4 protein chains.
Amino acid sequence: MTKEHGSVAVRRGSIGAKRNPASQQAILDAAEAILREEGLSGFSIEAVARRARAGKPTIYRWWPSKAALLLDVYHGFKNLRQFPDTGNFEDDLRGFLNNQLIGFWHGGLCGTVFRSIIAEAQSDPAAAEALFAYERGRRKFAEQLVDRAKARGEIDPDSNSAIIVELIAGFAWHRLLTGRLDGSQDDIEAVVAIIGAATKKNPGA
Amino acid sequence: MTKEHGSVAVRRGSIGAKRNPASQQAILDAAEAILREEGLSGFSIEAVARRARAGKPTIYRWWPSKAALLLDVYHGFKNLRQFPDTGNFEDDLRGFLNNQLIGFWHGGLCGTVFRSIIAEAQSDPAAAEALFAYERGRRKFAEQLVDRAKARGEIDPDSNSAIIVELIAGFAWHRLLTGRLDGSQDDIEAVVAIIGAATKKNPGA
Amino acid sequence: MTKEHGSVAVRRGSIGAKRNPASQQAILDAAEAILREEGLSGFSIEAVARRARAGKPTIYRWWPSKAALLLDVYHGFKNLRQFPDTGNFEDDLRGFLNNQLIGFWHGGLCGTVFRSIIAEAQSDPAAAEALFAYERGRRKFAEQLVDRAKARGEIDPDSNSAIIVELIAGFAWHRLLTGRLDGSQDDIEAVVAIIGAATKKNPGA
Amino acid sequence: MTKEHGSVAVRRGSIGAKRNPASQQAILDAAEAILREEGLSGFSIEAVARRARAGKPTIYRWWPSKAALLLDVYHGFKNLRQFPDTGNFEDDLRGFLNNQLIGFWHGGLCGTVFRSIIAEAQSDPAAAEALFAYERGRRKFAEQLVDRAKARGEIDPDSNSAIIVELIAGFAWHRLLTGRLDGSQDDIEAVVAIIGAATKKNPGA
DNA sequence: AGCTAACCGAGACGGTACGTCTAGTCTTGCG
DNA sequence: CGCAAGACTAGACGTACCGTCTCGGTTAGCT
């Protein structure tokens, strides 16, 4: 998936007064490789530049901060997973947790990258804004999942979509940030069951 | 609560072959003051030593890492809030969120410190271990809240205590880490309602 | 003398496969303005290109180095002052120091530019060669001044023209490079007197 | 004279809250070696730190600028040459040019270093001030040479000591800065002769 | 009249060096 | 032995320039 970096003699140069996609990709690849091999603590603009055989200004020209670069790496992983409408609320929840959150983060690099972005956002305001904007979008998107179930008459129409989404997302973040993504399948089922129970239709009638 | 730092001319020295509590307190005070005034991005061992008029080795001698110092500052805030048994599950939940999580973090410095610890834990393994151990303890402690309600026969005895606690904690973490602790009171109610609905006794009988 | 730079909207372009004199002039003007306003430390090819609204390659195409550009700026100032034959050796010396050296450098930009060229020549071999060639020519030219006096029978015919010229030039360089061009008029007289005494005819007869 | 740099494994550390002379010397040695091997254009704080295996802040802590470091290297060469009182004015002049100026600079590294300092002073005000102060002292010192000859009744008591010294120093600077230190012995004689003739006692009596 | 060649501006590229900051270690000298 | 102090190596930070390159466009002069 990621090309070899061994062929050093490439000597990418300018391709005129516009962004060179080869440099771009080399930088993203290097960033990904460093995260994979050394983790967040070894991740620095300096290291990325060295590995990508790029100049530091080239990185700063296109990514204003470390977090921006991390977010770009993360986006490179996204859209690999689909978010299908199964027609069933609990299956949708399962899919959400498995394909967008815990299961998506688990194993590969994605979780590491996302953890890094969250950490960065706690001290860098620019990173915070970028992450929060991204996160707002993700939540809005996920609320559709609940609203579809309401529209189908499958769940209680008074369910608070935003809070439900945030409970689920919060659970996943917590697992990610406390290093407990492993062996969560049973726990995912438990979460789905709890949310299912809480949104069951006709609670009093 | 925190004493003045203005009287710089204190010139604390050694008090012999044992830890000098005045230095320890000065370091903790300085750490807290820096976090309050400059935030996590301005927080460094260097800055703490400068402000506390302490030598860096004195800090490293007693706190192995930045995160250990942060945790100590955080512990200084803890136990200020109680965690009373109200005898009612939903009130217990409300109290948990208000006194131990969102309400506790909100406004003051505590949230900032805890955010910092979480961030630090994402790149420093030692910090991670300390945070995870702390968090494990907190969760076990909170599960008692659910188990008490089960024992009282107030909620479904099959409720998954661990997952319920983690949903709530995850929600609070998510709010903290995305800078949305403000105006959460209604949302706390919504969370309590959802958990309450999901644990209602005798759902089918 | 130098046209206004305010009318930015000129949008000089190519005028075909030949050097565009407008661009050349704009670059020289910008170089001069930067030296005047910011001094040598603010002088860079980058800054000149920015100010002249020229592309860097346009500068590099015509001037191989920073020093070449500086020399061109300097040449723009030359030939403004005359070097007349007064018919009297000491008056010639006075005129040389006042019109070609100290008096010429003093006050205006010329001294700054020449200082810059000398500095550049100490690390850039190409600049050194250009400066040395220029300087050789100036010395040869100035030696005529002494030789004329010999021819007139005004001074000792055994006087060493080259050394006399170099003593005078060295004095002026030293004043320039140690920032002491100001208030040199009396010192110029003293130099003239010393050289006059040293070249007096009939020393032993 | 200069020790080997090959034994890299030294790992100099702090020796407490005071300047480490070993680091000091290593930095000066590295600076000298770089100037010798690569010249001024290869001389940078970065390169010196690399070669000396020193941290950049260690250099900046003790030398505020590149020029300060150069001056220190230069001072390391000084006082190697004496400035004896020969009892004869022209011999003193010869000695001055040979031991303090041209002859001192010629051949070795001293000339290169001093050229570098002069160049640096043309763009760095701090360097300029340091050089000018040094130069003022040197001139005052050299004027004693002339004043001694006056006191001995050897030369015209009305001779302008300051200008005489500056003519000689300027000649030497000019030779240094135009790369013509070689083969100056005859020229030194010519300079001595001119100054001697200009200061001859009782010119009219 | 169309083609070519060189110019122009613009600005990205890989680099080097800057001067500052922090990390974490070490040693001294006082108490 | 703990302490304040502050030096040390190491290396990342973000910025400024360097000199080279390619682009897209323009114009002059040759075919």
Side-chain angles (χ1 to χ4, degrees), chain A residues 10-20 22-24 26 43-47 49-50 52-62 64-66, chain B residues 10-20 22-23 43-47 49-50 52-62 64-66, chain C residues 11-20 22-23 42-47 49-50 52-62 64-66, chain D residues 10-20 22-24 42-47 49-50 52-62 64-66:
Chain A
V10 286
R11 186 63 173 109
R12 296 178 310 276
S14 170
I15 56 167
K18 66 184 183 198
R19 192 167 183 172
N20 182 342
S23 289
Q24 223 51 25
F43 185 86
S44 67
I45 298 287
E46 196 99 16
R50 217 157 30 223
R53 299 191 63 76
K56 275 199 292 177
T58 301
I59 299 183
Y60 282 109
R61 184 153 30 235
W62 300 111
S65 69
K66 188 150 82 170
Chain B
V10 287
R11 186 63 175 103
R12 293 179 312 277
S14 170
I15 56 169
K18 66 183 184 206
R19 187 168 185 173
N20 183 340
S23 288
F43 185 87
S44 67
I45 298 287
E46 195 96 15
R50 211 156 36 221
R53 298 193 61 77
K56 278 200 288 177
T58 304
I59 300 182
Y60 282 110
R61 185 159 21 240
W62 300 108
S65 68
K66 188 151 85 171
Chain C
R11 186 66 176 103
R12 295 180 312 277
S14 169
I15 56 166
K18 66 183 185 198
R19 189 168 185 173
N20 182 342
S23 288
F43 185 85
S44 67
I45 299 289
E46 196 97 16
R50 214 155 36 220
R53 299 192 62 76
K56 278 200 288 178
T58 303
I59 299 182
Y60 282 108
R61 185 155 27 235
W62 301 109
S65 69
K66 187 149 85 171
Chain D
V10 287
R11 185 64 175 105
R12 293 179 314 276
S14 169
I15 58 167
K18 65 185 186 197
R19 191 167 184 172
N20 184 340
S23 289
Q24 223 50 25
F43 185 86
S44 68
I45 299 288
E46 195 98 15
R50 216 158 30 224
R53 297 192 63 79
K56 276 198 289 177
T58 301
I59 300 181
Y60 283 108
R61 187 162 20 242
W62 302 110
S65 68
K66 189 150 82 171

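None of these values were measured; they are calculated from a predicted model.
- For the pair Arg61(B) and dC3(F), the criterion of a side-chain N or O lying under 4.0 Å from OP1 or OP2 is met.
- Distances shorter than 4.0 Å separate none of the side-chain N or O atoms of Trp62(A) from OP1 or OP2 on dG11(E).
- The minimum heavy-atom distance linking Gly55(A) with Ala49(A) is given by the pair C-CB, 4.4 Å.
- In this structure, of dC13(E), dC8(E), dT9(F), it is dT9(F) that holds the atom nearest to the side chain of Arg12(D).
- Note that OG of Ser65(B) and CD1 of Ile59(B) are 12.0 Å apart. Values are rounded to the nearest 0.5 Å.
- One finds a side-chain N or O of Ser23(B) lying less than 4.0 angstrom from the OP1 or OP2 phosphate oxygen of dA4(F).
- The main-chain N or O of Arg12(A) is never found under 3.5 Å from a side-chain atom of Arg53(A) such that the two would form a donor-acceptor pair.
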Where do N or O atoms of nucleotides 26-31 of chain F meet protein N or O atoms at under 3.5 Å, pair by pair?
residue, atom, partner, partner atom, Å
dT26(F), O2, Ser14(C), OG, 3.3

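- Heavy-atom minimum distance, Gly42(C) versus Ala47(C): O-CB, 3.9 Å.
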At a cut-off of 3.5 Å, list every protein nitrogen or oxygen paired with a nitrogen or oxygen from nucleotides 15-18 of chain E, distance to 0.1 Å.
residue, atom, partner, partner atom, Å
dG15(E), OP1, Arg53(A), NH2, 2.9
dA17(E), OP2, Arg50(D), NH2, 3.4
dC18(E), OP1, Ile45(D), N, 3.0
dC18(E), OP2, Ile45(D), N, 3.1
dC18(E), OP2, Glu46(D), N, 2.6

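- Phosphate proximity of dA12(E) to Thr58(A): absent, as no side-chain N or O sits under 4.0 Å from OP1 or OP2.
- Asn20(A) has its CG atom 11 Å from the P atom of dT22(F), to the nearest Å.
- Nearest heavy-atom pair across Arg19(C) and Ile15(C) is O-CD1, 3.8 Å.
- Checked against side-chain hydrogen bond (donor to acceptor under 3.5 Å, both in side chains), Lys56(D) has the following partners two or more places apart in sequence or in another chain: Glu46(D).
- Ile59(C) places its CD1 atom 13 Å from the P atom of dC17(F), with the value rounded to the nearest Å.
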